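Throughout, residue positions are numbered sequentially from 1 according to the sequence presented. Treat the numbers as computed from the prediction; the structure is a model and nothing was measured.
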Amino acid sequence: QVQPVESGGGLVQAGGSLRLSCAASGSRSSINAMGWYRQAPGKQRELVARITPGGRTNYADSVKGRFTISRDNAKNTMYLQMNSLKPEDTAVYYCNTENNLENPDSWGQGTQVTVSS
């Protein structure tokens with residue numbers, strides 16, 4: 001697989017949790033920073049969290065303290081633990097490697113996260 005494959009989305013109530021997984025086999029994920037992105041209807045795709053090969057992380061202000069990003073370089077896999085979910089977190093979530101962001105063919109199908117009140 002060249003494109004990453006996201007999984008783990010679903011429908012949850014506000015305050016609930018989900019854990020997203022990203023399989024990125026065939027990519028350079030082990031030597032580049034990776035990130036989780038999301039796109040809600042009518043909104044631009046935005047960066048949610050990123051992680052470097054050494055494990056340094058960054059988060060959007062809107063999710064800081066609630067989401068945790070992690071990666072397993074040997075398995076080309078990345079995770080996003082989402083706690084205390086809010087309705088405004090509803091979006092399609094995508095993962096990607098930073099060196100591929102400008103390539104439209106590098107994006108996968110994403111996984112839908114829906115948070116109800």
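- Glu6 contributes a side-chain N or O that, together with a main-chain N or O of Gly110, makes up a donor-acceptor pair within less than 3.5 Å.
- Annotation: salt bridge (Lys or Arg N to Asp or Glu O under 4.0 Å) contacts involving residues 52-69, sequence neighbours excluded, comprise Asp61-Lys64, Arg66-Asp89.
- The distance from atom CG of Asp105 to atom CH2 of Trp107, rounded to the nearest 0.5 Å, is 12.5 Å.
- Side-chain contact check for Ile69 versus Trp36: some heavy-atom pair is nearer than 4.5 Å.
- Clustering ILVMFWY residues whenever any of their side-chain heavy atoms sit less than 4.5 angstrom apart, transitively, puts Tyr94 in a cluster other than the one holding Val113.
- Atoms CG and OG1, on Leu11 and Thr90 in that order, are 8.0 Å from each other to the nearest 0.5 Å.
- Within the structure, the salt bridge (Lys or Arg N to Asp or Glu O under 4.0 Å) test picks out no pair touching residues 108-117 (sequence neighbours left out).
- Here the closest heavy-atom approach between residue Cys95 and residue Pro4 is recorded as O-CG, 3.3 Å.
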Cut-off 3.5 Å, no hydrogens considered: what does the side-chain donor-acceptor table look like for residues 80-87, sequence neighbours left out?
from, atom 1, to, atom 2, distance (Å)
Gln81, NE2, Asn83, OD1, 3.0
Asn83, OD1, Ser17, OG, 2.9

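- Between the side chain of Ser62 and the backbone N or O of Ala60, no donor-acceptor pair lies under 3.5 Å.
- In this structure, the side chain of Thr111 engages the main chain of Gly9 through a donor-acceptor pair within 3.5 Å.
- Within 6.0 Å of CD in Gln112 there are more than 12 heavy atoms belonging to other residues, nucleotides or ligands.
- In this structure, CZ on Arg38 lies 14.0 Å from CD on Gln44, to the nearest 0.5 angstrom.
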side-chain contact (heavy atoms from CB on, under 4.5 Å) assessment of Glu46 paired with Gln39: CA-CA 6 Å; Glu46 64 175 346; Gln39 186 168 26; over 6 Å; no
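- Remark: Glu102 CD is loosely packed, at most 12 non-hydrogen atoms of other residues, nucleotides or ligands lying under 6.0 Å away.
- Residues Asn32 and Asn100 form no side-chain contact, since every pair of their non-hydrogen atoms from C-beta on lies 4.5 Å or further apart.
- Side-chain N/O atoms of Tyr37 and Arg45 include no donor and acceptor closer than 3.5 Å.
- Contact record, Gln3 with Gly108: CB-CA, 4.4 Å, taken as the closest heavy-atom pair.
- Note that OG1 of Thr52 and CD1 of Ile31 are 13.0 Å apart. Values are rounded to the nearest 0.5 Å.
- Taking CE of Met34 as the start and CG of Asn96 as the end, the distance is 7.0 Å to the nearest 0.5 Å.
- Under the 4.5 Å side-chain heavy-atom criterion for grouping Ile, Leu, Val, Met, Phe, Trp and Tyr, Val92 is not connected to Val12 through any hydrophobic cluster.
- The aromatic rings of Phe67 and Tyr93 lie tilted to each other, with the angle between the two planes from 30° to 60°.
- Across all their heavy atoms, Ser70 and Met78 have their closest contact at O-CG, 3.2 Å.
- Under the 6.0 Å distance and 45° angle rule, Arg19 counts as a cation-pi partner of Tyr79.
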